Structures are given as C-alpha cells and as structure tokens.
J.: 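Before anything else, here's the structure in question.
All values below were derived from every heavy atom in this structure, side-chain atoms included, with hydrogens, water molecules and symmetry-related copies excluded. Predicted model only: the values in this text are computed from it and were never measured. So that the names make sense, note that chain A is the first sequence line, chain B the second, and so on, each numbered from 1.
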Amino acid sequence: MREITLSKAVNEAIAEEMRRDPSVFLIGEDVAEAGTPFKVLSGLVEEFGTDRIIDTPISEPGFMGLAVGAAMTGSRPIVDLMFGDFLFLVMDQLCNQAAKAHYMSGGKLKVPLVLRTNLGATRRSAAQHSQSLHALVAHIPGLKVALPSSAYEAKGLLKTAIRDDNPVVIFEDKLMYQEKAPVPEEEYLIPFGKAEVLRPGRDITIVATSSMVQVAQKAAVLLERDGIAAEIIDPRTIVPLDMETILASVRRTGRAMVVDEGHQSFGVTAEIASRIAERAFYHLDAPVQRIGAMDVPVPFSPVLEDMTVPTPESVAERGRLTVRGELFHAA
Amino acid sequence: MREITLSKAVNEAIAEEMRRDPSVFLIGEDVAEAGTPFKVLSGLVEEFGTDRIIDTPISEPGFMGLAVGAAMTGSRPIVDLMFGDFLFLVMDQLCNQAAKAHYMSGGKLKVPLVLRTNLGATRRSAAQHSQSLHALVAHIPGLKVALPSSAYEAKGLLKTAIRDDNPVVIFEDKLMYQEKAPVPEEEYLIPFGKAEVLRPGRDITIVATSSMVQVAQKAAVLLERDGIAAEIIDPRTIVPLDMETILASVRRTGRAMVVDEGHQSFGVTAEIASRIAERAFYHLDAPVQRIGAMDVPVPFSPVLEDMTVPTPESVAERGRLTVRGELFHAA
Amino acid sequence: MNARKTNAEAYLRMYRQMVRIRVFEDNANQLYLSAKMPGLTHMYSGQEAVAVGICEVLTRDDKITSTHRGHGHCVAKGAEFKEMFCELLGRAEGYCGGKGGSMHIADQSNGNLGANAIVGGSMGIATGAALSAKRLGRKDVTVCFFGDGATAQGLLYEVMNMAALWKLPVIYACENNGYSEYTKTAEIAAGSLPARAEAFGIEAFKVDGQDVLAVNKLAERLVARCRKGEGPFFIQLDTYRYHGHHVGDINREYYRSKDEEALWKTERDPIVNFGRWLAAEGLATPEELASIDAEVGAEAGAAVAYALAAPFPDASQVGRHVFTDMIVA
Amino acid sequence: MNARKTNAEAYLRMYRQMVRIRVFEDNANQLYLSAKMPGLTHMYSGQEAVAVGICEVLTRDDKITSTHRGHGHCVAKGAEFKEMFCELLGRAEGYCGGKGGSMHIADQSNGNLGANAIVGGSMGIATGAALSAKRLGRKDVTVCFFGDGATAQGLLYEVMNMAALWKLPVIYACENNGYSEYTKTAEIAAGSLPARAEAFGIEAFKVDGQDVLAVNKLAERLVARCRKGEGPFFIQLDTYRYHGHHVGDINREYYRSKDEEALWKTERDPIVNFGRWLAAEGLATPEELASIDAEVGAEAGAAVAYALAAPFPDASQVGRHVFTDMIVA
Ligand SMILES: Cc1ncc(C[n+]2csc(CCOP(=O)(O)OP(=O)(O)O)c2C)c(N)n1
Ligand SMILES: Cc1ncc(C[n+]2csc(CCOP(=O)(O)OP(=O)(O)O)c2C)c(N)n1
Ligand SMILES: [Mg+2]
Ligand SMILES: [Mg+2]
C-alpha cells in the first residue's frame, strides 16, 4: 500500500469531503495561501477557493463562534485551531454553545462542526504551545473527541468527523505530521467508538492514545526482550469510548496500563484506569497503572521537557514492575 | 458557637483579609453596591470603597487578565466570577497565563490571585448556569483548587486562598449560600491539602466534595438504618489532594465510593477513584464506585434536572450494593 | 390593494405583536410570583418596539439570535404562546421539550436560533449564520440582538471585524436599555457604542427604540441593503426595561429611581404611544385596539392554562439529544 | 550639564540599544541556523526604533508586557545579553532558568512582565499592572506592546474599555509591521486601528515606527501624561520586520515581495538613518558609531560563547515553580 504523511492524510480527508459535500468549508488562521504553519492544508485553496478555505484574523473565539452559527444553518464547518493550547480561548463557544445547543433546543438545533487541532510536547515550544488538552473537552457532554495515532487513522477519523452531525474535536499529533504510514487509495471511514487492538499480547494490556501509541509500541518491543507480551489498544475516540474491547483484553491479561500525553492528574488516564479498575476488578492481578505527562507546565529547556512525557523506557519499566508484581517501588 | 450562612462566612473572610492586607482587592460584575446577585458581598463596598471593591463591565476575559497583571505587580486580587459556567470565558487568562507564569519565569513572577466562583445544579437555571467545572481547572498544573462544603470551610479555605502566593480557584456551592453552620468568632485558617474525616465508619469510605458532602451525610444516615457504617471524607482541596487520609480510611474499610457533582466522565471521581484503586489495591474488597453528575448538559425541566445529580438515595443504594457485594447489577 | 391599506395591516400586526409580548411577560411574571414557574426569568416589557419593529421586516428564513431577555424576540419572530409557556414551565411540548427553559428558548422553525444565557454568547452564532447564508447563496439576513451590557464582551469586536471584512448580511442590534444588571451603562461603557462599530468600518445608526415605526423604517432599509450585499450594520436602539433585571429583582431603588421608571412608563410606552398614533391617524379605533388587547389576553390565558396542565417530559428524555445519534445512560 | 549634552547621551544610548537588539537577533538567528538553539524564534530586526524609542523614557519601575517577538522589548527594557542567550538556549542561568525560552522570556527585575506566546495574551496583564500601580498609589506606567495582528483579539477591547473608564496609566503600543504571520494587515483588520481606541474614549496617535526620535518624543509626552493621570493612550507605530515571521519562514515571496523587503531595509532602516542623523548633527562621528557597533558585537559574541558553555538546568528543577510552595514529583 502507498505510504503518505499524516499531513497529507488530513489534507486528503478534507479535500475528499469538500468535493463530496458543498456545505463543508474550512476556517482558521493562515489556512489558505499559507496552508497553515504546518503546511497541512497546502493546495486546498487552489482547488476550493477562498470562499471555502477561509483565512481569518487572529480571533479564535470569534471564528469558533462563527462556525457554531454556520453549523446551525446548513453548513458543515471545519475549524482549524493552529495549536491545541488555544483551546482555552474557544472554550465558551465550544463548550457553552456548540456542545449544548442540540440538547438545550430539545434536539431541534444541530451543530455539525469539526474542530481540528493538535497536541504534543517535545518540540521545544514551551508551555503555551505544547499542551495536550483533550481531557478537558472529553469532560463536556455533547462533544465527541477523536485521537488519531497514525496517518491512516487521521484520515479515516477526520472523514467520519466531518460527516458526523455533532461537534467533534479531533487532535492531531504535531510530531507526526511528517510521518508516513500506509493509507489506502480507496475511500474509507473509521467508525467512532471502536477501539483497535494494534498488537496482541497475553501479559499486560496497554491502552495508549494518540502520540503515545508509538511510545507503547516501542515499549512493547522492550518488554518482549524480557519475555513479556504486551497487548496494545488504541481507543481512537475517547468520546465515545469503547470499553468493551479494553475490558475484554484486561480480563484476559489481568494487568493494565494507560498511557496518554495529557497531564496525568484529572486527565484521560484517570478515566480509563478507573473504568478498568471498576469493571475488571475481579480479573486484575495488579493495580492499573497510569502514565500521563507530568503535572507541570511544559518547560522549554530540552533536558527538562524530555522528562515530562512518557517514554518507551518509562512505560516499559512500569510494565515490567507490573507484570513482575514489584509495583510497590513504583507507586 | 454562633451559626452564620455560607454567604456571610465568605463575606467575613474577604473583609478580614482586606483589613489585614491593603494589597487585597476584589473585582467582578455587580460586586459593589449590588453585592453580587447572590448578595454575598453586601456591605463590603461601604467599608472598603469602590477602589477596592471594583465593579466591572461584562468582560470576564478582560478582568481575569487584569487580575493576573495586578497579581504580578504587588496586588492580591480576588476575582468574582458570577457563575462557574463563565470559567470557559476566562480559561486562557487563567490556564495559559495565571497558572503558568510562575513556572515559565523560573519562579520570578508570582500570581497570588483568587478566583471565587461557584458550582451546583438543581436551581432550574439550565445548561449554562448550572455546571460544576472544577475538574477542568484541577487538570491544569499551577492552579490550586478548593471545594468548601460548609460555611466553616468556606471561610477558612478562602482566607487561606487569599494568603496563598499561587492562583487558587475556589468553588462555592450556590445552593448553600443561605445555609447556616457553626463558624467561630475567632480567626482561623484551614490548610490546603488536608482532608477532613467528617464521620467515622468501618464499612465503606465515601469521599465527597463540596455540595456532595451533605448528600453523602444523608446517605450515611440511610445506610446506618441498614447497619452499614460509612466513613465520610471531605478532601477540602483537590489540588493539593490529601490521598494519605483517604487511603488510610480505605485500607481500613476495604470499600470506597467517590461522589462529586461534576460530570462523571473525565471528572474528579475518576482521579480520586483511580488513585484509590491503585494505591489501596490489595485492601479493596469491592471495586471503587464513582458517582458523578450524568454526562448530559443540565436540563431545565425540574423532573429531568433532578435525575442528573447524585442524591442521598442513589448514593446509599450504591453503598449498599458495594458493601453487600451485589455490584454486578449496578455496573 | 393600496399602500395605505397594506401599511395599516402591517401597523396592526405590529401593534398586536407588541401587545402579545407585553401580555406574555405579564403572564410569565404571574407564573413566577405564584411559584408555578421553575427558576427565574428576565422580562422584555418596555422594549417591545425593538423586537417587533425589526422582526416585522424579516422573513421566516431570516435568522435572529436572542439573549437571556429573549421572550420578546421569540414572539416577534413568530413563535406560538403554547409552546413558549410549555417551555417556560419545563413541559414536554415546549419548544425545546422543556430542556432549555426561558434562557434557551429557541424556535428554529421560525429562524430563531435561540436565547442565550451567556451574555454576548450569540454574537458569533449570528455572524456565522450570515456567513453560511452568503456562502450557500441564500438571501437571508441575520439580526443579532444583544444588550448594552453585552458590548463589553470582546467577542463582539472580533465578529464585527470579520463581518466587515467579508461584508456579511448581519445586523448588530444593540438594545440599550441603560442598564447592565444593576449598573448604569455609562459606568461600564467608555466612549460611544456606534463609534465602536464605525471604527471597524461598519455603518452605524441610532434610533429611538420606543418608536416602533422609526425602528421599523430603519430596519426595512438596512435589511434590504443587507440582502443586496451592503451589510453589515450596527444599530443602537435606546429603550428601557420596565421590570427588574430579572423577576426577582424587586427592591431596585439603589440603582434606579422610581421616578425614572415612572417617566418611561407614562411618557414613552411603545404600545400606548403607537396605539394613540394609530387612533389619531384613523388607522384603528380605540375599540379595535381594545379588542386586539382582549384577544391577546384570551390567547395567553388559554396557553397558560394549557401549559400548566401539560405533561412534563418523560424520564427517558434526560439522556437524549446530548448527541444526535447516541443515548447517554 | 546642558540640554544638548544630555540629549546627546540619550541619543547615543538609543543608538546603542538599537544596535544591541539588531546584533542580538543576528546572533540568535545564527544559533538557529547552526541548530544550536532549540525550538524556533521570532526576530525583532527592523522594529528596533519602537522598543527603544519607548523604553528610553521608562524607568526601571515602569512595566512593559511583550509578545512572541519579544527580544527587542527585553533588551530595550534593560536586560543583559548573557541571561538572555542562556534563556534562549535553555540554560540554568537564563532569565527564567531555561523554563521559558524565547517566547516567555521575562525580566521582572527590569519591569518586563514577560513575552507571551498567546497573541494578545498580555493585554490584560498590562492593564492589570496599571490598575495595580494606580490602586497602590505608585507612579509607574505600563506599556503594552502588541502587533497589528493582535488587534483582532477581543480582549484588547475589553481591557481598553476598563482602562478608559478607570483612567489607567497604560499605553497600548501597537507595532504595525504590516503582517500577521503570512497575511497582510489589510486583509485581517477592517476600519482603522486608532479609531477603534478612540471609540472607547482613548486618545490615539500614529507615528513612524522607523524614526526613533519621533517615537521617543511622543512616548515622552504620553508617559508624562500617564503619570499625571491622563492615560490611557493608544499608539499605532508603523514599522517592518526584516526576517520571516519566525526564523524558519524562509520562502515568503508568496505573501511578501523581495522588493518590498529591500525597500524598507535600504531606505527606512531605523539604525542606519538614525546614525546618519547623529553624524549630520555632529552628535557622533561615524567612527564613534562604528566603535559602538564593535563593542556591541564583542559583548554579544562573549555572551553567546558563555551561554553555549553554560550548564543546563538540573533535573530537580522540573517539578519546581509549578507552585511557590510545593514541589511536583
Ligand atoms: C458571560 C456572562 N456574564 C455575566 C452574566 C450575568 N448577566 C446576565 S444578564 C447581565 C446583564 C446584561 O446586560 P445587557 O446586555 O445590557 O442586557 P439587559 O439585561 O439589559 O437586557 C449579566 C451581567 C451572564 N449571563 N453571562
Ligand atoms: C492566540 C494565538 N493565536 C495564534 C497564534 C499564532 N501566531 C503567532 S504570531 C502570529 C501573528 C501575530 O501577528 P502580529 O500581532 O501582527 O505580530 P507580529 O508577528 O507581526 O509581530 C500568530 C497568528 C498565537 N501564538 N496565539
Ligand atoms: Mg441593558
Ligand atoms: Mg504584525
């Protein structure tokens, strides 16, 4: 199968959906000629014109609001939010308006919009350009949240998001934009709420999201050397969250770790770990392990920044301790 | 001991700290003559003048930003955010600026501010005036988060917050403003990060926050009728979070429930439950139970709204099932 | 049909709509005072000429966005009393199935994209509706209603900038009732409101918001220009709210004198004055007007009675409509 | 000391400060190009007269807030090269202990409350610093630097409104370099920027941001008026950035022509033109200016060498400064 970058996969998803449905348009900062700072959207304005690939002023709350109104009135906007950190600026329009309009109107208003943004640290971009804030939006009823972990998933999930009648927030991993993966030429969609078992294993289940899927995969290779077979599950969407697949695995392996790049406390690892701990209680041979980013603003200095995120080594080490029953030292 | 309302307790805390420290001022909408819609601040402007009790335009991001700058330059602002739901409007200034400035500046800048706001549903105020959003801010490193559950705690925690050199978000329960509780005449402070055991019990530990403390207490009375002794712990602050007290209790009772009025998914119950499940793993006789608000926008109609929040009956029922080992039916 | 006749019809329709709003609010207030309405609500009484003068020139396809003080806009844009009272009382037959209540009442079938409990919260929505219309080649115009207090929200300037840059068919209708909750506008708004819009290249107007004909004439002109692609526009409509900020705001002399209230009510009432004008012009007799009042009163009474007897939503509704395609357990 | 002499000193100080900024940026760019600097950074080159003309009239107690393009403000407000380069390279001795980097460089000892990676993010902070000064009876003035692109953030209008209502000692200094990333200002800003401030009752000015004396004179007057309680003010300073939006923005002809760049660099360079004027007025010989250039070059070279050899922060630092009083494990 051909291999394309995540960036290209996103670009294709948008182009295909825009060709298919004239009500889809894209709005954000420097999305047209510039094609975004990450060059993800290069070429789209040439095909679709500035009427459908709309450059905005630096007004995140404003264009987020515009998207909500447009979505209520027959359009299907895709909002391009340049950095996930800017989510804080659009929270009111996203969480008080977009997320609630369908419910508050008793189902009469619909808000089919997609908010495309990103997550991920270690780009030496410091505290305001490195956050992974997906846990925040996952806490708000009415928003679906997708976390692709490869070019393949990025394309399939984004296409599904664009066709969804609800507001969907999709986070791309900034570090992955230039990474290639096999992506079919033929059209495909990836359903929401269906986790993927990326690697089978009998000893421990690793649930990993977005950027942490690769980390988990490398950790699994390290664990293999020690004779430990890790099963890796990628939930793909955390709202809706496919607990059935996760629980089936944990009930088999008896052990689980959850790895996510958001801050650990009050984050995604807490939700998934507590659901596992509750619903696989009688199957667990060891406490469910959570590995998130440190609870610190992301520091600029590379030596510090690298300490804040889970690594293949730290994940493997925790997996080893878990399987060997040596966790007391880790906790 | 005299009994005063939570509203009065908050008023006293602010007055005492303003008398003590001239760098403290308060800023928000209709805080002066009007004393806020909840009348919590009545009388303060008469004592401290409009120079220290400052009425603002309806510009939440703006006055939150002003508070950050004032806090960096020798003032200790208290921001009055009329409804907790408006947090979405101030997230950037709170989470990208206030929370990170101390860290990003390597400890040079300090942001000693308090954001006073509220939480709690069942006032028939619908989806944009009923949210309990404390989990969101707890996820952001650099913010302390206090959740008083009585007039006594409201006063002591707020005084501590005002003296703290970090940004602190304190949530008052709207439904409790007119409720009285014993509050000493003498000055006192309540330390952050120290949970309180409000009721001893041997069978199950109930960790309850803010508005849910009273619900838990009523549930405990119901459980007592069935011969079940519930221990109730109020963490008082969730950042910092006193896990030692909670774990000591759970290791004794072997069972735990966490009750919180925020949405259940990706919320406070997940964090506390997953920490308990991990660190009291070998002491647990039953899965840790989480009881949060339903994952739905708060509906207006009373019949629906009342279904969305934990009640003494629903908490007691879950406790009963947990202690009796009948949880399969509940999960 | 001669012009005079057509106008007369429109005039009487506007009169009736203003009366309908006033009567709706009086009934809503009664429901609150008699503890039959859950929560609380913000009365539009006194501001009727604004909503009616503007909505009279809008088609059903045109959109509006509304505010926490939204009953007037809802009625003016064509809503029915029954569904409105049902919504205020949290009943299943309400416009939002009881899930929205007074602060979120929406009626998308008539182009009302909803009240909003976040002050300024709908400014983006209105502008986005205009963008949508323009992009999809539709002719509809959107009117964004908001109060003087809402002009303090930065969002307004963000969206006015984009509306101006992209020439969107949207009208920012600022209802200046002189107060932002318990505070006089002058204390919270520096400079000049129309000048703010003009600084973004938006043509701005001021009009007496108690004079339904003046409002209507201006709106007619601006809506027509919007349809021709000459928008956006900004209008400051000076008006007054008769009640407290919300139904529970009773003792309000500390921020607003009784004399001031009395003056507006006796001298500047939009309904009374318009009624007098209609009579003076020979467009309606006092009896005809009185019979409109009576009809509306009866309509409201019946709707209230209906709503009070209407069923609450079924418990199964609580988890519906979080998403279009999943039910939350 | 006669007035001429004092002025000469101030002029030469301004010249030197402008050169220091230019040289700092050239070195930073080199560090980036040679892959010695982590992340990326935004060059201030071309805009020196703005930061220097304004900061020359500020005392150490006066505050500034800065932007993602913040090195110029930092230098102009009194920062040392060593600590600045250490910060850019993530070293322990940097102004922020290496935790902030280019986009968060702050130097509170000289009144610089920090660069900010959120466009517009420091507008509230600046206004709050002014509120703080006024409330606490201090005389300091705050200057809020931001770009033309940042005027699209609604926050600006919220805080200008409050600054105007409360007469706060703050100056909003809008550095209009004609671009907001890869987009021309005209495409993202409707109307007129100074008019926007005026609509909020704020006196607004326009000045040639390439003319350090013009900037300095205006700033002197406005800062003095701010100290007397006559603030706030708004200044639009027309200027130009020589480099790309950030160091990695190399191929930029699709949004900005090489001719345009060349024109600004050859005809309107603030340092060259000011140097010429100094020589023409007999305030400094070309040799004196050249020796300043040389001194600054040596200073920068030494600071870069120092920073490159300086230690990174200790691992134990990662959990410090999240809070003032707790360490995160
Ligand atoms: C974002 C936000 N801030 C504050 C409030 C509380 N609040 C509700 S109405 C109101 C005053 C609004 O004044 P204005 O816009 O003039 O409308 P009016 O009430 O006069 O119709 C305030 C402050 C709110 N609902 N939303
Ligand atoms: C809130 C926010 N939105 C977008 C960005 C990305 N961004 C960084 S600089 C910039 C352009 C700023 O333009 P301007 O204010 O004119 O400053 P200049 O770069 O010209 O100095 C943008 C869009 C950001 N950092 N923060
Ligand atoms: Mg008003
Ligand atoms: Mg610029």
J.: Using heavy-atom distances under 4.5 Å, tell me whether A126(C) contacts chain A through its side chain, its backbone, both, or neither.
T.: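 Neither part.
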J.: Please identify, among T324(C), V322(C), D325(C), N116(C), the residue contributing the most non-hydrogen atom pairs under 4.5 Å to chain A.
T.: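 Option with the top pair count is T324(C).
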J.: Can you tell which of G128(C), A163(C), A133(C) has the highest number of heavy-atom pairs within less than 4.5 Å of chain A?
T.: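 Counting heavy-atom pairs under 4.5 Å, the top option is G128(C).
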J.: Between chain A and each of G100(C), A117(C), A129(C), count heavy-atom pairs under 4.5 Å; write down the option with the most.
T.: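 Most heavy-atom pairs within the cutoff with chain A belong to A129(C).
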J.: Just give me the residue among E87(C), R135(C), M123(C) that pairs up with chain A most often, heavy atom to heavy atom, under 4.5 Å.
T.: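 Answer, by heavy-atom pair count under 4.5 Å with chain A: R135(C).
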J.: Ring centres under 6.0 Å, that's the criterion: do Y103(A) and H321(C) meet it?
T.: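 So the answer is no for these two rings.
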J.: Could you look at K63(C) and say if it's the side chain, the backbone, both or neither that has a heavy atom under 4.5 Å from chain A?
T.: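 The side chain, not the backbone.
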J.: Given heavy-atom pairs under 4.5 angstrom as the criterion, report whether the side chain, backbone, both or neither of L155(C) touches chain A.
T.: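 Side chain only.
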J.: Examine distances only and state if a side-chain atom of S132(C) and a backbone atom of T73(A) form a donor-acceptor pair shorter than 3.5 Å.
T.: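 A pair under 3.5 Å: yes.
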J.: Report yes or no: is the cationic atom of R76(A) (NZ for Lys, CZ for Arg) under 6.0 Å from the centre of the six-membered ring of F25(A), at an angle within 45° of the ring normal?
T.: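 No; the conditions do not both hold, so R76(A) does not lie above the ring face of F25(A).
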J.: Could you tell me whether R20(A) and E17(A) make a salt bridge, using a distance below 4.0 angstrom between a side-chain N and a carboxylate O?
T.: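 Salt bridge flag = yes for E17(A) with R20(A).
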J.: May I ask you to establish whether K108(A) and Y95(C) are in a cation-pi arrangement, using a distance under 6.0 Å from NZ or CZ to the six-membered ring centre and at most 45° from the ring axis?
T.: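 No cation-pi geometry.
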J.: Donor-acceptor pair, D85(A) side chain versus H129(A) backbone, under 3.5 Å?
T.: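 The answer is yes, because a donor-acceptor pair under 3.5 Å joins these two groups.
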